[in-house]
Amino acid sequence: MNKTLFKNSYYLIATIVIVISFLLFLLYIIFQYEKNIEKNMLTVATTDVLQITQNKARHVQKVLQNSKDYIKDIRNSPKLQKQLEEHLLNLITDNIKYAYLLYKDKHGIFRFLVDASPIEEKAMLNQKFDITSDKWYGLYKTKKPTIIQHTLIKKLSISYLVPIMYENNVELILVIDFSVDKLEKINGIIFLMKSGLFFILSITFILFIILIIQFIKYKNIKKYSFTDKLTGLYNRNYLYEIQDTLKLDEFLVAALDIDHFKSVNDTYGHDVGDIILREVGNILLHTIRVEEDIVIRYGGEEFVILIKTKSENTEGSLNVIHRILSNIKEHKMFINEEDYINITVSIGVNTKPRKSRNFLEAFKLADLALYEAKESGRDVIKIYEKYRV
Amino acid sequence: MKIFILLLTIFSCAFSQQYVFLVKEYDKEIELEAKIISNIALSSTSEKIKLFIPKITKQEQKIYSQYFNLANDCKSANFIFNNKGLLSDNCETEGKLFFTNNYKRLIKNSKYYGAFFWNKSRPNIVFIKQRLRENNVKLSAQYTKYIEDIDE
């Protein structure tokens, strides 16, 4: 019984490990998936805007095509400032919070030239602009549009910087700042998807736990229904459970009956009868090979013993039967603190159950041998095949 | 019932980010502002700072008191941070440092020697060189890049 339980526990633990690994793998996939979705959605949401901004930068360059000093000309011409501001105003939408034109002075400080922000947020001409990333300086080397993702700035998600060139040098930078609204919307969708998946995973996990609990409960109930309460041995239910799947060529079938058990009950009472049954059960358990053999209380004082055999050689298995007979015979069965009685048993053995069509037939032959043992005076082992000890 | 409660708990946890309104209001922006103003004030004078913020809110009072001794009026303060544009003209300038959170106010009013403000949602700091000199303020090296030489 312990062996079966161990096997069941092993399979159960293996199943749990596999399922938990699978769930963790799914979680990992979800988190990977989340990053990709965020990236892809942001790309889809911003691609058009980035293209428009690049076009706008080209347009600014076109406006300044006759200028040889962009910074000086813009600073000195309020009309040009106004014209450029109107161009940048087209970029402002619900998602683009700011659009402005900057230059870098000789000290490396960025300053405003044109700002299309609302009046209350509009920067003054030449006003200093403190940058938050070295990528701003990097743009002067790469001379290519640059995206800066903000992690510390609460109200902005990304900034897009487009260089405006003069004679292959970066002269101005057109900047647009995306508000967090777009990113929040994207994150909101991803969060919902993630929560949904997490919820499904949680439900699956809970159902799995419930399944395991039910399985354990079922196993316990099954174990309880297969155990004889008095002796702790398997009962007849267990025999019914295994008889169809039992490999008859691997076992030797024995039927054991306690001699004169009715007289014991009549003389000493049923309590002593129970003690005898418990003791016999105990001796059987301690005599058989726990890992291989099976003992079943068939009913009343009759037991079925299945002893594992190896091929045609039944000597070793018969030795177990002989030990059972002698161990019970030599055991002092105490009926109270001082007095004891000796009990004998009769055993009928079918050494070749493989010749039978099923277990019941094989058992009948063992039972016939048991009947023979009883008839021949008890306390003896009778083998069906030979009918001799 | 146990399973129902368990499911409800998991569902609540999964959507816990939706419940931020339950958290007590605390403005991180004011916290950051207070830290920066504290560093600037300590760098601007060796005297013990007594800060006055005109029309200070309870939230500001709570946060700024962690960094400063707060004055109830302009007279008893030696550092004034005008962050709402509500400073009375009666406030004497002598022996006091004036700081603001508005670039235009800094440029227009010569009593302010510097400003910390949010420009395009980014924190910006500006000190005016001439006014630093007038107020006898010698800032530490970390603030050099914020000093502007503006003709007045």
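Naming convention: chains lettered A, B, ... in sequence-line order (proteins, then strands); numbering from 1 in each chain. Computed over heavy atoms, backbone and side chain alike; hydrogens, waters and symmetry mates excluded.
Around CD of A:E120, the count of heavy atoms belonging to other residues, nucleotides or ligands within 6.0 Å exceeds 12. Atom CD of A:Q54 is surrounded by more than 12 heavy atoms from other residues, nucleotides or ligands within 6.0 Å. Within a 6.0 Å sphere centred on CG of A:D134, other residues, nucleotides and ligands contribute 12 heavy atoms or fewer. Sparse packing is recorded around CZ of A:F205, with 12 or fewer heavy atoms of other residues, nucleotides or ligands lying under 6.0 Å away. Around atom NZ of B:K129, no more than 12 heavy atoms belonging to other residues, nucleotides or ligands sit under 6.0 Å away.
For the atom pair OH of B:Y103 and NZ of A:K122, the computed distance is 15.0 Å after rounding to the nearest 0.5 Å. Distance NZ/B:K120 to CZ/A:F112: 4.5 Å, rounded to 0.5 Å. Atom CD in B:E148 sits 4.0 Å away from atom CZ in A:R111 (nearest 0.5 Å).
Summarising the geometry of A:A123 relative to B:N119, their closest heavy-atom pair is CB-OD1, 4.4 Å, with the distance given to 0.1 Å. The two residues B:I125 and A:D130 come nearest to each other via the heavy atoms N-OD2, 2.9 Å.
For A:I109, the part sitting under 4.5 Å from any heavy atom of chain B is the side chain, from C-beta outward, and nothing else. With a 4.5 angstrom heavy-atom cutoff, B:Y146 touches chain A via backbone and side-chain atoms both. Both the backbone and the side chain of A:F129 come within contact range of chain B, judged by heavy atoms closer than 4.5 Å.
No other option in A:M124, A:E121, A:H107, A:Q127 has as many heavy-atom pairs under 4.5 Å with chain B as A:Q127.
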